[in-house]
Amino acid sequence: MPNKAKPFWSYVTIGGPDECWPWQGGRTRTGHGHAWVNGKHKYAHRHALELSGIPVPRDNFACHRCNNAWCCNPSHIYVGTPSSNQRDAYRAGKRPPDNRGERSGMSKLSVPEVLAIRAMRAVHSEVAKAFNICPSAVSLIKNRKRWKHVE
């Protein structure tokens, strides 16, 4: 791990400006490089971006344009939000597809049924009985706490 005797960049194989620069130190189980900086664990790509003069706020991520978790080339890394990081991971095939609603495999309802439940003005227990779900599920659906992705 980087320490006072060995500078951070000595753990990076620096290539051309468009190439990935692989981290040669320790890695996490997800493949991200990790370094010890001032006695604290840091992701290597995040530290590389910060060393290049781009601060990464605490609630944000250092995201890879190249989708290589071990890459430390600052031109391949950008500051992103948690949701942009998830979108990138999904596009790169590193996260499973969206499993909300009827795609989850555990759902008792379909989108048309959810829309029908929201349109019904009957007592929740009656709606629940009609769709074989519990009354609290009806309330959660109507208040958009569940199936909130369905408009």
Side-chain angles (χ1 to χ4, degrees), residues 1-115 117-118 124 128 131-151:
M1 294 302 131
N3 57 33
K4 292 178 186 173
K6 202 166 179 186
F8 174 84
W9 290 111
S10 68
Y11 286 87
V12 178
T13 302
I14 298 174
D18 296 329
E19 296 176 337
C20 286
W21 298 358
W23 174 253
Q24 300 300 319
R27 294 188 186 178
T28 66
R29 62 182 169 78
T30 59
H32 292 89
H34 77 91
W36 290 99
V37 179
N38 297 326
K40 294 182 179 178
H41 169 269
K42 276 195 123 169
Y43 284 111
H45 63 288
R46 185 181 184 104
H47 191 58
L49 191 61
E50 290 170 343
L51 287 175
S52 72
I54 301 170
V56 183
R58 171 178 257 151
D59 294 337
N60 287 81
F61 288 82
C63 302
H64 291 93
R65 288 184 178 90
C66 60
N67 294 312
N68 290 319
W70 42 260
C71 180
C72 290
N73 182 342
S75 69
H76 288 198
I77 306 165
Y78 68 96
V79 176
T81 63
S83 60
S84 68
N85 191 44
Q86 289 294 318
R87 262 193 316 276
D88 286 353
Y90 173 69
R91 283 187 201 123
K94 295 184 179 190
R95 291 278 188 269
D98 184 5
N99 286 345
R100 295 181 296 181
E102 56 195 348
R103 292 178 291 216
S104 77
M106 304 250 325
S107 175
K108 292 182 177 182
L109 302 171
S110 65
V111 170
E113 289 171 322
V114 168
L115 294 172
I117 289 169
R118 287 190 181 148
H124 287 181
F131 289 93
N132 195 28
I133 58 176
C134 64
S136 63
V138 173
S139 176
L140 292 168
I141 290 168
K142 286 189 172 208
N143 291 316
R144 290 178 166 40
K145 303 268 187 209
R146 296 289 183 273
W147 292 80
K148 53 187 164 189
H149 64 286
V150 174
E151 296 296 323

Given side chains that start at C-beta, do those of Thr28 and Tyr43 come closer than 4.5 Å, heavy atoms only? yes

Measure across Phe8 and Ala44 and return the closest heavy-atom pair with its distance rounded to 0.1 Å. CZ-O, 3.3 Å

Quick one: do Trp70 and Cys20 satisfy side chain to side chain contact (heavy atoms under 4.5 Å, CB included)? Show the steps, please. CA-CA 9 Å; Trp70 42 260; Cys20 286; 3.7 Å; yes

Pairwise distance OH(Tyr11) to NE2(His47) - rounded to 0.5 angstrom: 12.0 Å

Taking side chain as C-beta onward, heavy atoms only, is Glu19 less than 4.5 Å from Asn73? no

Is there a side chain to side chain contact (heavy atoms under 4.5 Å, CB included) between Ile117 and Ile133 once you walk through the steps? CA-CA 11 Å; Ile117 289 169; Ile133 58 176; 3.9 Å; yes

Minimum-distance pair of heavy atoms, taken over all atoms of Leu49 and Ala62: CD2-CB, 4.3 Å

On a heavy-atom basis, which atom in Pro74 and which in Trp21 lie closest, and how many Å separate them? CD-CZ3, 3.6 Å

Treating Ser75 as the side-chain partner and Pro17 as the backbone partner, does any N or O pair qualify as donor plus acceptor under 3.5 Å? yes

Of all heavy-atom pairs linking Lys142 and His124, the shortest is CD-NE2, 3.6 Å

Tell me the closest heavy-atom pair linking Pro55 and Pro57, and the distance in Å. O-CD, 3.6 Å

Answer whether the closest heavy-atom distance between the side chains of Phe61 and Ser84 falls below 4.5 Å. no

In terms of relative ring orientation, are His64 and His45 parallel, tilted or perpendicular, with 30° and 60° separating the classes? tilted

Ile77 and Ile54: CA distance, side-chain angles, deciding distance, side chain to side chain contact (heavy atoms under 4.5 Å, CB included) verdict: CA-CA 10 Å; Ile77 306 165; Ile54 301 170; over 6 Å; no

Does atom CZ (Arg118) have a neighbourhood of more than 12 heavy atoms from anything else shown, all under 6.0 Å? yes

Could you tell me whether the side chain of Trp9 and the main chain of Val12 form a donor-acceptor pair under 3.5 Å? no

Does a side-chain heavy-atom distance below 4.5 Å link Val111 with Trp147? yes

Would you confirm whether His32, through its side chain, and Asn68, through its main-chain N or O, come within 3.5 Å as a donor-acceptor pair? no

Can you name the closest pair of heavy atoms from Gln24 and Thr13 and give their distance? NE2-OG1, 3.2 Å

Over 60° means perpendicular and under 30° means parallel, so classify the ring planes of Trp36 and His41, tilted if in between. perpendicular

Any side-chain heavy-atom pair from Ser83 and Thr81 closer than 4.5 angstrom? yes

Rounded distance (nearest 0.5 Å) linking atom NE2 of His34 with atom CZ of Arg27: 10.5 Å

With no hydrogens and no angle check, is any side-chain donor or acceptor of Asp88 less than 3.5 Å from a backbone partner on Arg65? no

Sub-3.5 Å donor-acceptor pair from the side chain of Asn143 to the main-chain atoms of Lys145, do we have one? no

